[in-house]
Amino acid sequence: MTSIKATALCSYSDSESDNEDPSPSKKRSKIEESKNGSDFFNLDSTSDESEQDDKKDETISYGGTDVPNTSFWTHDLGDVSCKNTLPSLGGDVNRQQNTYSIIVPVKSQLPSNEPRHSKDSNSELKKGHRFIYCKKSDTSVAKRKIFYVHHKIMPYLHQRNKSAFPSKVSRSFERQRGIVNRLVWCPRRDYSHLLLTASVDGAVRIFNPFSESDDPCLQRSQVHSKAIRDARWTKSGQQILSVGYDKCAILSDVQTETVIQRFDHPCFVTSIKFHPVDGSVFVTGGDNTVYIWDIRSPTQPVRRCFYKDTVGQVQDICFINDGHEFVTCNDLVCRDSSDRNIMAWDFNKAVCVSNQIYQERYTCTRLKLHPGGSHFVAQSQGGYMAQFSTRRPYKMNRNKRYQSHKVAGYNIGCDFSPDGSILASASADGKLYLYNYYNTNCLKSLDTGSEVCLDVTYHPVLPSTVAGCTSDGRIVLFQ
């Protein structure tokens with residue numbers, strides 16, 4: 001809110017409103033009475049020509065309302081407050097370099113003995129209106145609406161649709177300053193037109209890819225001082241939790257763009273995941289340690305998960321079995337052992353329950369749970385995705401491998417369609433690959449026009465909409 005000094009030029013008329021049509025005799029008598037009466041406002045000094053001009057147009061119409069068309073008087077309104085959304089006053093808006101000139105209808109005419117106001121050379125004064133001048137704020141453009149039900153999503157909200165694979169690139173936009181590490185659609189179905197991105201420039205951006213505007217970016221929040229590694233929506237869709245290389249996790253509000261809580265870590269934070277049942281609890285992964293936090297107590301973690309040996313940085317976290325257990329993938333592989341690639345942890349006891357899940361000597365970059373909950377897949381640096389069971393002993397299915405794409409050392413992402421029938425994966429060759437989850441056949445590949453496609457996410461409501469991000473900072477929408 002900005003305190004301003006506003007000056008309104010109000011018109012005043014001795015004649016009554018023209019809503020009623022009096023007879024000519026009554027009208028003439030009233031005019032004579034006004035001439036013979038006391039001249040309270042000292043109007044006898046006006047010339048005959050001005051009186052004739054006033055008689056020609058006694059009233060004007062604005063928006064269906066008759067407004068007296070007489071002399072304009074100044075009235076000091078004192079200090080008032082003016083919002084940034086000035087066009088909501090309902091008048092014509094003239095934007096100048098440092099001021100807003102808003103012309104609104106005059107509804108209350110208050111007389112004053114001050115001299116008449118001179119017309120400004122830069123703006124034309126209209127009869128029956130007033131000017132309000134206020135300083136231009138730092139954000140000259142009003143905030144765009146974020147939370148609403150988009151018309152493209154509304155027909156699919158209350159029905160389950162069979163997923164299909166996209167056929168072409170629908171849109172490509174926003175060449176950002178750096179690499180985009182994560183793409184996440186809003187989990188709330190009615191707000192699922194919002195797309196969250198976390199990039200290495202330390203900014204969290206919210207896009208509306210279905211917008212017809214040339215700039216689909218709705219909001220940009222610079223909440224981190226260094227690169228952001230991962231970001232997630234809360235269940236309500238009103239807040240965002242992001243982690244990065246500034247050794248902290250930050251919970252921020254989307255609507256107000258303010259930081260709600262800050263969770264400091266002793267090391268880099270490389271992954272994050274909310275509990276699937278308790279929305280106030282989340283897990284972060286750092287260097288050799290997994291931390292369990294509660295939003296209501298940001299000073300210290302609720303529990304810490306340690307392992308007897310070094311495991312390296314935690315690349316991704318995946319909850320299984322309704323949140324009673326979670327799985328982590330790490331970036332450290334020993335020359336003669338691979339017992340720490342994928343590890344399963346008990347959430348309540350904060351202990352490792354299995355470390356002999358993935359026996360091949362490749363690190364894994366991404367974990368994704370199937371919508372059915374019976375399996376999860378891991379993106380391996382061996383150039384394929386492997387399937388694992390969520391039941392102990394978390395056995396890998398050696399008969400199913402999704403291996404048409406390339407990883408080549410990048411942190412390549414993957415995602416399931418809402419019904420779980422299609423598995424999408426990014427690729428180091430700049431393409432998007434779509435697999436049949438049940439028979440591992442590659443259904444289709446789509447080119448993004450970039451060298452590397454880093455992450456991909458399936459829309460939770462629309463049946464054949466996929467978003468991907470590239471190494472040059474572009475967001476690509478497939479439909």
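In what follows, every heavy atom counts, from backbone to side chain, and hydrogens, waters and symmetry copies are set aside. Remember, predicted model here, so these are calculated numbers, not experimental data.
Remark: Ser213 pairs with Arg144, Ser211, Asp215 by the side chain to side chain contact (heavy atoms under 4.5 Å, CB included) rule, at least two apart or across chains. Applying the salt bridge (Lys or Arg N to Asp or Glu O under 4.0 Å) criterion to Asp346, with sequence neighbours excluded, gives no partner residue. Shown here are the side chain to side chain donor-acceptor pair (under 3.5 Å) partners of Asp253, two or more places apart in sequence or in another chain: Thr256.
At least one donor-acceptor pair closer than 3.5 Å links the side chain of His459 to the backbone N or O of Ser192. Looking only at distances, a side-chain donor or acceptor of Thr270 sits under 3.5 Å from a matching main-chain atom of Gly285. Between the side chain of Gln238 and the backbone N or O of Gln255, no donor-acceptor pair lies under 3.5 Å. Remark: the backbone N or O of Ala428 is not paired with any side-chain donor or acceptor of Glu451 at under 3.5 angstrom. Between the side chain of Gln219 and the backbone N or O of Val254 there is at least one donor-acceptor pair closer than 3.5 Å. Here the side chain of Asp331 pairs no donor or acceptor atom with the backbone of Gly312 at under 3.5 angstrom.
Taking the six-membered ring where tryptophan is involved, the planes of Tyr307 and Trp345 are perpendicular, since the angle between them exceeds 60° and thus also 30°. Taking the six-membered ring where tryptophan is involved, the planes of Phe282 and Phe263 are perpendicular, since the angle between them exceeds 60° and thus also 30°. Using the six-membered ring where Trp is involved, Phe347 and His275 have ring planes that are tilted, between 30° and 60° apart. Trp293 and Tyr291 have tilted rings, their planes meeting at an angle from 30° to 60° on a 0 to 90° scale.
Comment: Lys368 engages Asp415 in a salt bridge, judged by a side-chain N to carboxylate O separation of less than 4.0 angstrom.
Checked against a 6.0 Å centroid threshold, the rings of Phe173 and Phe207 count as neighbours. Aromatic ring centres of Tyr435 and His405 lie closer together than 6.0 Å. Taking the six-membered ring for Trp and the full ring otherwise, the centers of Tyr394 and Phe388 sit at least 6.0 Å from each other.
There is a side-chain donor-acceptor pair under 3.5 Å between Arg391 and Asn321.
Figure legend: Arg340 and Tyr358 shown without cation-pi pairing, the cationic atom not lying both under 6.0 angstrom from the six-membered ring centre and within 45 degrees of its axis. Relative to the six-membered ring of Phe268, Lys247 meets both conditions, a distance below 6.0 Å and an angle of at most 45° to the axis.
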